[in-house]
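Residue numbers run from 1 in the order of the sequence given. Since we're looking at a predicted model, the values are computed, not measured.
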Amino acid sequence: MKKQNTPAEIPEIRPGQSIELLKELHILTRDGKLNQDTRRKLKQVYHLYQFIEPLLADASSLADHGAGKSYLGFILYDLFFKDRQAEEKRGHIYGIETRKELVDKSRELAARLGFEGMSFLDITVEESTHSKQLPEQIDVVTALHACNTATDDAIRFALTKQARHIVLVPCCQAEVAATMRARKNESLAATSLSELWRHPIHTRELGSHLTNVLRCLLLESHGYQVTVTELVGWEHSMKNELIIASKSASNGGRPRKNARERAEAILREFNIEELAPRFAY
């Protein structure tokens with residue numbers, strides 16, 4: 001009979017982590033081993049967990065948008081919220097994902113593991129903002145590589161739900177670049193700054209950067225303190241920008257005074273004012 005690895009024999013696995021869960025998520029093989037790809041995946045999830053864990057101390061609810069297979073939600077529940085259930089402090093994680101087959105699998109796995117404080121909704125982020133299946137207030141909102149406009153929809157969701165903390169790994173910043181590209185000739189005639197996005201590759205890169213700058217200003221205009229950092233090394237992913245926004249007692253949720261004005265000025269300067277409803281509200 002083949003000997004299975006125990007947590008002590010795999011130093012990458014955190015104490016208290018369910019081996020059964022890691023197998024179900026295909027992070028561990030059926031005989032309890034890590035391969036190169038799954039070791040990288042586990043490292044990424046744990047690295048993100050280090051950023052999120054301190055935010056959970058005063059939180060009883062978390063919504064994960066674009067949850068996919070809910071790697072993050074299951075790991076957070078297993079390492080943090082599971083103990084709260086036993087101590088009757090409670091806590092709930094909502095996984096929001098449009099692909100029904102992934103939602104069904106997550107529901108089945110949560111039931112099998114006895115993770116009663118997890119729910120999964122097969123609706124869009126926009127729909128979730130007004131869904132009766134979610135409480136009126138959510139403490140922590142996460143969106144990791146949420147596609148299309150889902151990152152911006154997640155921000156709107158968080159603002160509507162009065163979230164204390166927002167954790168974003170932005171994705172799909174193509175909308176700003178597309179708008180800049182469509183108005184490029186007009187911009188070239190108006191300002192020498194348009195040289196910054198005259199070439200297509202620069203349009204894409206600058207558009208991506210501007211998108212996240214505008215997102216940060218939007219959050220600051222709503223009273224959040226924003227930190228931008230790197231999630232993982234460049235060798236793992238090109239989309240590794242991590243935005244953490246929190247409302248703390250120290251600032252009383254006061255908005256940065258000129259954040260909205262700065263965002264509006266950027267939209268004017270780059271000739272993309274039509275995007276104001278997304279980034280300056």
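- For the residue pair Ala245 and Leu219, the shortest heavy atom distance occurs at CB-CD1, 3.8 Å.
- Note on Ile19: it clusters hydrophobically with Leu113, by side-chain heavy-atom contacts below 4.5 Å among ILVMFWY residues.
- A 6.0 Å sphere centred on CD of Glu127 holds more than 12 heavy atoms belonging to other residues, nucleotides or ligands.
- His47 and Tyr49 have their aromatic ring centers separated by at least 6.0 angstrom.
- With respect to Arg112 and Glu108, a salt bridge is recorded, a charged nitrogen being found less than 4.0 Å from a carboxylate O.
- When only modelled atom types and interatomic distance are considered, Ser119 and His92 share a side-chain donor-acceptor pair under 3.5 Å.
- Using modelled atom types, no side-chain atom of Arg278 and backbone atom of Asp152 make a donor-acceptor pair closer than 3.5 Å.
- A 4.5 Å side-chain heavy-atom check between Val141 and Val167 finds every atom pair outside the cut-off.
- Here the shortest heavy-atom pairing between Ala63 and Ile96 reads CB-CD1, 4.3 Å.
- In the model, Asn271 has a side-chain atom that pairs as donor or acceptor with a side-chain atom of Ser187 under 3.5 Å.
- Side chains of Asp139 and Ser60: a donor on one and an acceptor on the other come within 3.5 Å.
- When the shell of 6.0 Å around NZ of Lys184 is examined, it contains more than 12 heavy atoms from other residues, nucleotides or ligands.
- Look at Asp104 and Arg107 and you find a salt bridge, because one of the NZ, NE, NH1 or NH2 atoms lies within 4.0 Å of a carboxylate O, short of that distance.
- Between Glu97 and Arg99 there is a salt bridge, since a side-chain N of the basic residue sits under 4.0 Å from a carboxylate O of the acidic one.
- Checked against the 6.0 Å centroid threshold, Tyr94 and His65 do not count as a close aromatic pair.
- Remark: the backbone N or O of Ser70 is not paired with any side-chain donor or acceptor of Ser106 at under 3.5 angstrom.
- Both tests do not hold together for Arg183 against Phe270: distance to the six-membered ring centre under 6.0 Å, angle to the ring axis within 45°.
- Each of Ile155, Val213, Leu214 was checked for a side chain to side chain contact (heavy atoms under 4.5 Å, CB included) with Phe279, and the lone residue meeting it is Leu214.
- His222 has its side chain within reach of Tyr281: a pair of non-hydrogen atoms, C-beta onward, lies under 4.5 Å apart.
- Cation-pi check for Lys41 over Tyr71 is met; the charged atom lies under 6.0 angstrom from the ring centroid and within 45 degrees of its normal.
- Between Leu28 and Leu34, some side-chain heavy-atom pair lies under the 4.5 Å cut-off.
- Using a 4.0 Å cut-off between charged side-chain N and carboxylate O, Glu136 and Lys161 make no salt bridge.
- Both Leu21 and Val103 sit in one connected hydrophobic cluster of ILVMFWY residues. Membership requires side-chain heavy atoms under 4.5 Å apart, directly or through other members.
- A donor-acceptor contact shorter than 3.5 Å links the side chain of Thr38 to the backbone of Ile27.
- His165 contributes no side-chain N or O that, together with a main-chain N or O of Ile52, makes up a donor-acceptor pair within less than 3.5 Å.
- A cation-pi arrangement is found for Arg14 relative to Tyr46, the charged atom lying closer than 6.0 Å to the ring centre and inside a 45° cone about the ring normal.
- A cation-pi arrangement is absent between Lys82 and Tyr77 under the rule of less than 6.0 angstrom and at most 45 degrees off the ring axis.
- Counting only distance, with no hydrogens or angles, the side chain of Asp153 and the backbone of Val125 share no donor-acceptor pair below 3.5 Å.
- Looking at Ser208, its side chain never comes within 3.5 Å of a backbone N or O of Glu205 through a donor-acceptor pair.
- A salt bridge links Glu195 with Arg198: the closest approach of a Lys/Arg side-chain nitrogen to an acidic carboxylate oxygen falls below 4.0 angstrom.
- Heavy-atom minimum distance, Leu121 versus Ser131: CD2-OG, 4.2 Å.
- In this structure, the salt bridge (Lys or Arg N to Asp or Glu O under 4.0 Å) partners of Asp58, at least two apart in sequence or on a different chain, are Arg164.
- Atom CD of Glu186 sits in a crowded spot, with more than 12 heavy atoms from other residues, nucleotides or ligands closer than 6.0 Å.
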> What's the verdict on salt bridge (Lys or Arg N to Asp or Glu O under 4.0 Å) for Arg262 and Glu220, showing C-alpha distance, side-chain angles and the deciding distance?
Replying inline: CA-CA 11 Å; Arg262 287 293 178 99; Glu220 289 178 329; over 6 Å; no
